[in-house]
Q: 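Dropping the structure in here first, questions after.
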2 protein chains.
Amino acid sequence: MSRETEKLARIRAEMKAQGVGLVALGPGAHMHWVLDWHPHPDERPTLLLIGAEEALALVPSVNAEQFGAATSVPLETWRDEEGPEAALARALDRLGAPEVVALDETMRTDFSLPVLAALPGARHVYAGALVGKLRMVKDAEEYAALKASARANDKAMQAGIAALRPGVTEKEVAQAIQDAFAAQGAQVAFALCASGPNGAYPHHSTGSRKLESGDSVVLDIGAKLAGWPSDMTRMGAVGAAPEGYDEVHAVVEAALEAGMKAARPGARAHEVDDAARGVIEAAGYGEYFVHRTGHGLGLEVHEPPYLTSASEEVLEEGMVFSIEPGIYIPGRFGIRLEEIVILRAEGPEILSELPRALAVV
Amino acid sequence: MSRETEKLARIRAEMKAQGVGLVALGPGAHMHWVLDWHPHPDERPTLLLIGAEEALALVPSVNAEQFGAATSVPLETWRDEEGPEAALARALDRLGAPEVVALDETMRTDFSLPVLAALPGARHVYAGALVGKLRMVKDAEEYAALKASARANDKAMQAGIAALRPGVTEKEVAQAIQDAFAAQGAQVAFALCASGPNGAYPHHSTGSRKLESGDSVVLDIGAKLAGWPSDMTRMGAVGAAPEGYDEVHAVVEAALEAGMKAARPGARAHEVDDAARGVIEAAGYGEYFVHRTGHGLGLEVHEPPYLTSASEEVLEEGMVFSIEPGIYIPGRFGIRLEEIVILRAEGPEILSELPRALAVV
């Protein structure tokens with residue numbers, strides 16, 4: 001059985017279990033998971049349509065060569081001087097009207113709404129809960145790719161920490177990180193450097209502020225290596241940490257460790273958030289932890305499972321996600337510590353080999 | 001009046017004219033046009049909501065610092081451990097229920113469907129026909145940016161043509177083009193090299209085929225310079241053109257010239273397609289022209305107006321679009337010639353300075 005046929009069979013089993021009659025995927029990570037490829041997304045409607053018995057791809061004829069080479073699924077092509085409407089109607093007609101259609105939640109609105117309009121009786125759900133669910137547990141090849149990407153991130157993080165000194169700008173630190181990624185053949189995705197009081201903004205826009213002695217610095221960086229993402233946050237300090245820093249760092253570290261302990265196969269995602277948030281609340285910093293505890297990572301840097309206070313998702317052995325509590329104190333500093341882990345039977349395996357202690361440079 | 005205020009006023013005038021009560025834009029080109037910026041898109045619902053009187057932005061609190069710095073529009077923030085539902089409801093409540101909502105057609109399905117679900121009485125249209133309509137006519141600064149980008153493309157095209165010789169692979173030609181873009185500080189977007197019979201696939205995937213003497217080669221390349229895209233197609237040949245090439249090239253050139261002649265303020269988009277297609281059909285190659293004649297270009301490399309056989313869009317002075325007829329003969333070769341033009345009162349102004357004649361190397 002080809003990899004594609006196996007993926008389609010797994011999707012169909014899940015469709016049956018969830019009562020979904022049709023899955024519609026756009027050019028993105030869900031489609032990539034099925035085909036090991038996806039076309040460059042543009043405005044031309046392009047859909048992988050998976051029915052209970054049959055699958056079809058709606059493809060603009062200008063891309064039919066590329067698409068056909070990547071799949072054994074039959075193509076329903078359309079010429080772009082005519083538009084996709086007739087071809088979409090033919091494809092949906094052939095697959096039959098479902099009661100429930102799972103739409104790729106990441107795809108363009110003008111890819112989804114024509115599908116819904118053509119299926120007036122159907123209810124919609126999102127493919128994140130179906131294809132995304134299957135994507136959460138990775139295979140050995142995928143773990144190896146994510147580990148290699150994490151190692152590249154470790155090296156870039158070390159380059160970022162080594163660049164910390166008084167007078168250097170946030171952007172210069174980010175550049176050192178980007179250069180370290182590039183030297184390893186990785187495509188940088190983000191290199192956040194938030195120094196001193198800027199650290200109190202979780203997604204600070206790395207800027208021209210010059211680092212000063214006594215600043216703490218949040219470094220949250222990620223790249224893609226051979227298509228697989230990394231994501232990690234570590235803390236550095238220029239000469240010395242600011243007043244009161246060590247106590248707060250210890251709280252974030254304890255929160256991360258509590259999250260790690262709660263992350264077990266069979267636990268619910270919110271239990272990891274509860275555990276980490278509980279430590280921070282008990283220490284009196286609850287109002288300063290302004291984001292979720294984690295997110296999945298795989299073909300995308302953010303994907304299911306999301307570790308929020310409300311998520312009832314049951315964690316399974318083999319899932320990959322971040323655990324990243326933080327405390328952000330306006331006007332003073334922010335602290336975030338982030339690990340990417342593979343959930344093993346006995347608990348989380350951390351991909352990074354770098355310590356989480358404050359790196360004073 | 002700030003640039004943002006002026007853009008919002010222009011959108012509101014268009015909303016009134018079209019009977020649209022609410023515009024919802026995601027992090028993409030439409031939002032960028034209004035704010036001169038848009039946040040990095042991720043899975044966290046982020047919307048610019050423009051009502052008849054007031055505008056609001058739905059923003060995850062982790063990005064509120066960045067977003068607030070880019071706009072004077074008030075923010076309705078949500079914490080990501082809670083989710084956006086309540087904040088979206090508050091925002092829509094404050095703006096009032098519209099009869100017609102214009103959704104950003106490019107935004108994620110899971111950004112759009114909650115807006116529609118919260119407005120059960122509303123009919124939807126796409127923002128492409130409203131914000132996209134306003135974006136079609138550029139200003140002097142935008143023309144200058146697009147021209148600069150086109151000049152960088154001219155240089156990269158010359159580098160690609162200079163790289164043509166027997167034994168070089170398509171990928172090596174593409175690399176020469178990429179290097180030429182990089183040397184000019186431009187981010188390459190695509191560098192299509194389709195040699196010999198591969199030229200018959202309009203969107204051929206540049207591969208490892210080695211060029212042979214007597215091949216014609218389609219080069220379709222684009223990059224972003226300071227955020228503004230370029231897009232151009234020229235034809236080269238290795239030593240000599242294949243048999244029968246010159247006659248077909250002359251037909252494509254005549255089709256392009258007919259399209260240029262039909263492109264006048266007040267004409268409909270399909271008239272440009274009709275003119276170009278008519279020349280190709282009259283020459284007996286109609287079945288081999290398998291795509292539309294052109295697309296707009298601005299913040300995005302493909303944007304309105306689209307020049308298809310069905311488009312009733314009225315062309316206006318100041319619009320920027322491609323005219324790019326082609327003939328693709330399976331097993332033999334393909335020919336496409338593409339210019340980006342600004343539509344002036346007297347007709348199209350071509351941005352490139354390169355000739356369209358076959359470059360025999």
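Letters A, B, ... mirror the listed sequences (proteins, then strands); counts begin at 1.
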Q: Looking at A:Arg277 and A:Phe289, would you say the former's side chain and the latter's main chain have a donor-acceptor pair under 3.5 Å?
A: yes
Q: Is the side chain of A:Glu170 donor-acceptor paired with the backbone N or O of A:Ser195 at a distance under 3.5 Å, no angle test?
A: yes
Q: Checking B:Ser61 against chain A: side chain, backbone, both or neither under 4.5 Å from a heavy atom?
A: side chain
Q: Taking side chain as everything from C-beta outward and backbone as N, CA, C, O, which of these in B:Tyr306 sits under 4.5 Å from a heavy atom of chain A? Side chain, backbone, both or neither.
A: side chain
Q: Among A:Val59, A:Leu25, A:Leu88, whose side-chain contact (heavy atoms from CB on, under 4.5 Å) with A:Leu47 holds?
A: A:Leu88
Q: Can you tell which of A:Leu103, A:Thr109, A:Thr308, A:Val290 has the highest number of heavy-atom pairs within less than 4.5 Å of chain B?
A: A:Thr109
Q: Under 4.5 Å, counting heavy-atom pairs only, tell me which of B:Glu303, B:His291, B:His40 racks up the most with chain A.
A: B:His291
Q: Select one option (side chain, backbone, both, neither) describing which atoms of A:Thr106 are under 4.5 Å from chain B's heavy atoms.
A: both
Q: Short question: side chain of A:Ser230, backbone of A:Ala223 - any donor-acceptor pair under 3.5 Å?
A: yes
Q: Taking B:Ser311 for the side chain and B:Glu313 for the main chain, is one N or O donor matched with an acceptor at less than 3.5 Å?
A: yes
Q: If you measure from the Lys or Arg side-chain nitrogens to the Asp or Glu carboxylate oxygens, is any gap between B:Arg268 and B:Glu312 under 4.0 Å?
A: yes
Q: Which bit of A:Leu307 comes within less than 4.5 Å of chain B, counting heavy atoms only: side chain, backbone, both or neither?
A: neither
Q: Among A:Leu113, A:Asp110, A:Val301, A:Asp273, which residue forms the greatest number of heavy-atom pairs with chain B at distances under 4.5 Å?
A: A:Asp110
Q: Looking at A:His124, A:His270, A:His295, A:Glu300, which has the largest count of heavy-atom pairs under 4.5 Å with chain B?
A: A:His124
